[in-house]
Visitor: 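Right, I'll just put the structure down here and ask away after.
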Amino acid sequence: IVNTKIEATGDIQLQAGVNLQVWYGFISAYGTLKLTGTDIQMSAPQSFLNYFRGGENLEINANIISATGSVGFDTGGNFTASGDFRNSSSTGITAAGNITLGNYTGTNLEAIAGGSIATGNITLPLVPERDGGGISYANLNAGQDVETGNIAGVGSGVNIRTQGSINAGDIAIDGIDGSSVVLNSKNDLTARNIRISTNTTTNTGIIVSSEEGNVDTSAGNIEIISPTGPTGGISVYAGEGNVATGGVRAGSVTVYAGGNSLTTGGDVSAQQQVQIISQGSINTRNSAVTSQGGNITIYGDRDVTTSNVSSNGGNIAITSSSGVIDTRAGAVDGGGGNININAAVNFRGGRVTSNGGNVSIIYSARDLNRSSGGTGTAVERPPVLMPPLNPFVLSPSAETLPPPPEPGPTLTPDPIPEPPPVTPPVAPPVTPPVAPPVTPPVTPPVAPPVTPPGVAEPTPVVAEIAPPAPAAPEPV
């Protein structure tokens, strides 16, 4: 199907036994649009957009779906594409219902669904310099749940936002300046390994956040690394829920839980500051919390349990506003900075030292003997309140989290080139046989033409048709 515009007020089904090719196509059905073949190929020059619309649903059934040039899909219902989808350029999908997509490989993918989004693995190759370079991206935006396979990219950005929950596989990006990963859900968020490897030391970042649900990344690690060590900024945030992480490594780290608990299952380390904040309890017993020179803040409204906590010259503050602080699983080492431990009920401590800094242990319990091995100054004083905190302030330095990736391509198709005029051959006149009078058929009403927005109508081909020859007179 080449340089063709097909429209129907009902359903459209294009089916091939093996190969189905659509070049420079515009196909729109007010009902369901279905494309079927073993191998479906879509091709368009860079200035053109292959465009497909299904008013009710849009289905693509093939083992391989390949596209050269931008392609856009739009449906008022559900979008389904089985098989492997490969595009050398951008793909845009808009659905009022659900989007279901198999494995995808392409420089850009934008999927917007009023319902849920489910994808296989997503691979984002580097954008060639001949195409302008820059960041390749995957933007997924849904009104309900989002579930993805693994996402891998080179010079890429990933942006997933939903009013439902997120369940993401491994995300691995070989980043460039501006690469970022943003996962934002209203309900629960689950992810495994999230990693950006980059040669740049600034302007890279990861945000993993849920407004009302729990955040669980305990099955993997979240990290931004460069040849010189951790870099960029990471924020893990649950506005009203619990947080459970594996390891977290970056230039600066913020972990915040607005629910009952915050638990880390791997080391939390940063070049600069570390903030671990919970409106409930904190348990880093199985994790070392370290900074190469920035401040470390650990604040829990309830009990706080830590292992090794150390900063190479930064200050350390560990606070429980209504519970017990227990550091017996490790040591607290200020490395020259000040150490402030403030427990509302009691402090059960291991070794607490700072080579050159001050050590202050503030508690409300009258029996400090229940502590074990803590050194410093113990003062009976009411606990301090939690200082104002913006969990997304990743660092007071120049390291800031980049904005989400730019939105995807506009799905307005370019006009279809006008086909060349064709002059049909004129048939010789034919004298029809004599026939009895026939009641002319009733002409059914013609449905109004469907003109999709933004698409110029092709100039119709008008053929000159000779009038019919007069009927022979009836015999007397």
Visitor: One pair to check against side chain to side chain contact (heavy atoms under 4.5 Å, CB included): S66 and D39. What are the steps and the verdict?
Guide: CA-CA 8 Å; S66 58; D39 186 348; 4.1 Å; yes
Visitor: Identify the heavy atoms of A113 and G97 that sit nearest to each other, and give their distance.
Guide: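 Heavy atoms of A113 and G97 come nearest at CB-O, 3.5 Å.
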Visitor: If you apply the rule side chain to side chain donor-acceptor pair (under 3.5 Å), what do you find for N184 with S209, and how did you get there?
Guide: CA-CA 5 Å; N184 177 263; S209 68; 2.7 Å; yes
Visitor: For G259 and S278, work out which heavy atoms get closest and say how close.
Guide: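 Smallest interatomic distance, heavy atoms only, reads O-OG, 4.4 Å.
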Visitor: R195: what forms a salt bridge (Lys or Arg N to Asp or Glu O under 4.0 Å) with it, not counting sequence neighbours?
Guide: E223
Visitor: If I take atom CG from residue N87 and atom OG1 from residue T105, how far apart are they, to the nearest 0.5 angstrom?
Guide: 10.0 Å
Visitor: Backbone N or O of G337 within a donor-acceptor pair of the S354 side chain at under 3.5 Å?
Guide: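 Yes; at least one donor-acceptor contact below 3.5 Å.
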Visitor: Checking the side chain of T75 only, and the main-chain atoms of G54 only, is there a donor and an acceptor separated by less than 3.5 Å?
Guide: yes
Visitor: Could you state the interatomic distance from OG1 (T162) to CD (Q144), rounded to the nearest 0.5 Å?
Guide: 8.0 Å
Visitor: Hey, is the main chain of N108 close enough, under 3.5 Å, to the side chain of S90 for a donor-acceptor pair?
Guide: no
Visitor: Does a donor on one side chain sit under 3.5 Å from an acceptor on the other, for T353 and R351?
Guide: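 Side-chain D/A pair, T353 to R351: present.
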Visitor: Could you tell me if the side chain of F52 sits less than 4.5 Å from the side chain of V22, heavy atoms only?
Guide: yes
Visitor: Strictly by ring-ring contact (aromatic ring centres under 6.0 Å, His included), give each pair with a member in residues 99-123 just once, sequence neighbours left out.
Guide: F85-Y104
Visitor: Does some side-chain heavy atom of V268 sit less than 4.5 Å from a side-chain heavy atom of V274?
Guide: yes
Visitor: Does the side chain of V352 come within less than 4.5 Å of I339's, by heavy atoms?
Guide: yes
Visitor: So, S252 and Q273: side-chain donor and acceptor under 3.5 Å apart, yes or no?
Guide: no
Visitor: Run the side chain to side chain contact (heavy atoms under 4.5 Å, CB included) test on L140 and T148 for me, step by step, so that the C-alpha distance in whole Å, both residues' side-chain angles and the decisive distance to 0.1 Å come before the verdict.
Guide: CA-CA 10 Å; L140 310 181; T148 73; 3.8 Å; yes
Visitor: Looking at CG of L58 and OG1 of T94, how far apart are the two atoms once the value is rounded to the nearest 0.5 Å?
Guide: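 Here the interatomic distance stands at 11.0 Å.
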Visitor: Side-chain contact, heavy-atom cut-off 4.5 Å: V332 with I318?
Guide: yes
Visitor: Which atoms form the tightest heavy-atom contact between A329 and S307, and what is the distance?
Guide: O-OG, 3.6 Å
Visitor: Indicate yes or no for a side-chain donor-acceptor contact from D267 to the backbone of G247 under 3.5 Å, with no hydrogens or angles considered.
Guide: no
Visitor: Nearest 0.5 Å, what's the CD1-CD1 distance between I234 and I222?
Guide: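 Taking CD1 in I234 and CD1 in I222, the distance rounds to 6.0 Å.
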Visitor: Please say which of N286, V324, I282, N283 ends up in a side-chain contact (heavy atoms from CB on, under 4.5 Å) with T305.
Guide: N283
Visitor: Would you say that I298 contacts T306 through its side chain, given a criterion of any heavy-atom pair below 4.5 Å between the two side chains?
Guide: yes
Visitor: Side chains of V289 and N308: does their closest heavy-atom pair fall under 4.5 Å?
Guide: no
Visitor: Cut-off 3.5 Å, no hydrogens considered: what does the side-chain donor-acceptor table look like for residues 213-220, sequence neighbours left out?
Guide:
unit_1	atom_1	unit_2	atom_2	d
N214	OD1	N242	N	2.8
D216	OD1	S218	N	2.9
D216	OD1	S218	OG	2.6

Visitor: side-chain hydrogen bond (donor to acceptor under 3.5 Å, both in side chains) with D188: which residues, sequence neighbours excluded?
Guide: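 By the side-chain hydrogen bond (donor to acceptor under 3.5 Å, both in side chains) rule, D188 matches no residue at all.
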Visitor: Let me confirm one number: the CG-CG distance from N338 to N315, rounded to the nearest 0.5 Å.
Guide: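 It comes to 4.5 Å.
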Visitor: Look only at the side chain of N340 and the backbone of S360, and say whether a donor-acceptor pair between them is shorter than 3.5 Å.
Guide: no
Visitor: Only counting residues at least two apart or in another chain, list the ones meeting side-chain hydrogen bond (donor to acceptor under 3.5 Å, both in side chains) with D145.
Guide: S165
Visitor: Of all heavy-atom pairs between N187 and E212, which one has the smallest distance, and what is that distance?
Guide: OD1-OE1, 4.5 Å
Visitor: Run the salt bridge (Lys or Arg N to Asp or Glu O under 4.0 Å) test against E59 and tell me which residues pass, sequence neighbours left out.
Guide: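 Result, salt bridge (Lys or Arg N to Asp or Glu O under 4.0 Å) vs E59: K34.
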Visitor: Check S180, S136, S179 against S156 for a side chain to side chain donor-acceptor pair (under 3.5 Å) and give me the one that passes.
Guide: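 It is S136; the other options fail the test.
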Visitor: What heavy-atom pair brings Q163 and G143 nearest, and what distance separates the two atoms?
Guide: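 Shortest heavy-atom contact: CB-O, 3.3 Å.
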Visitor: Name each donor-acceptor pair under 3.5 Å that joins a side chain in residues 114-126 to protein atoms two or more places apart or in another chain, with its distance.
Guide:
unit_1	atom_1	unit_2	atom_2	d
S116	OG	N98	OD1	3.2
N121	OD1	N150	N	2.9

Visitor: What verdict does the side chain to side chain contact (heavy atoms under 4.5 Å, CB included) test give for I224 and T198, after you've listed the backbone C-alpha separation in whole Å, the side-chain angles of each residue and the deciding distance to 0.1 Å?
Guide: CA-CA 7 Å; I224 305 174; T198 178; 4.3 Å; yes
Visitor: Establish, from distance only, whether the side-chain atoms of S261 and T263 form a donor-acceptor pair under 3.5 Å.
Guide: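 There is no such pair (donor and acceptor under 3.5 Å, judged by atom type) between the side chains of S261 and T263.
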Visitor: Quick one: side-chain hydrogen bond (donor to acceptor under 3.5 Å, both in side chains) partners of T245, sequence neighbours excluded?
Guide: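 Once residues adjacent in sequence are excluded, T245 has no partner under the side-chain hydrogen bond (donor to acceptor under 3.5 Å, both in side chains) criterion.
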Visitor: What are the two closest non-hydrogen atoms of A238 and V243, and how far apart are they?
Guide: CB-CG2, 3.6 Å
Visitor: Determine, stepwise, if the pair E56 / Y30 fulfils side chain to side chain contact (heavy atoms under 4.5 Å, CB included).
Guide: CA-CA 7 Å; E56 294 182 359; Y30 267 52; over 6 Å; no
Visitor: Checking the side chain of N159 only, and the main-chain atoms of N139 only, is there a donor and an acceptor separated by less than 3.5 Å?
Guide: no
Visitor: If the condition is salt bridge (Lys or Arg N to Asp or Glu O under 4.0 Å), which residues does K186 pass it with, not counting sequence neighbours?
Guide: none
Visitor: Applying salt bridge (Lys or Arg N to Asp or Glu O under 4.0 Å) as the test, list every pair that has at least one member in residues 300-313; sequence neighbours left out.
Guide: none
Visitor: Using side-chain heavy atoms (C-beta onward) and a distance below 4.5 Å, is I341 in contact with I325?
Guide: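 With C-beta onward as the side chain, the pair touches.
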Visitor: For S43, does its backbone N or O pair with a side-chain atom of N50 as donor and acceptor, under 3.5 Å?
Guide: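 A pair under 3.5 Å: yes.
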Visitor: Side-chain contact test, heavy atoms from C-beta onward, threshold under 4.5 Å: evaluate it for R86 versus I64 and give yes or no.
Guide: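 Counting from C-beta outward, R86 and I64 do come under 4.5 Å.
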Visitor: Not counting sequence neighbours, which residues clear salt bridge (Lys or Arg N to Asp or Glu O under 4.0 Å) with D170? List them please.
Guide: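 Result, salt bridge (Lys or Arg N to Asp or Glu O under 4.0 Å) vs D170: R192.
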Visitor: Report the relative orientation of the aromatic rings in F79 and F73; use parallel for angles under 30°, tilted for 30 to 60°, perpendicular for over 60°.
Guide: tilted
Visitor: For E211, give me all partners under side-chain hydrogen bond (donor to acceptor under 3.5 Å, both in side chains), at least two apart in sequence or on another chain.
Guide: none
Visitor: What's the separation between atom CZ in R285 and atom OG1 in T327, rounded to the nearest 0.5 Å?
Guide: 10.5 Å
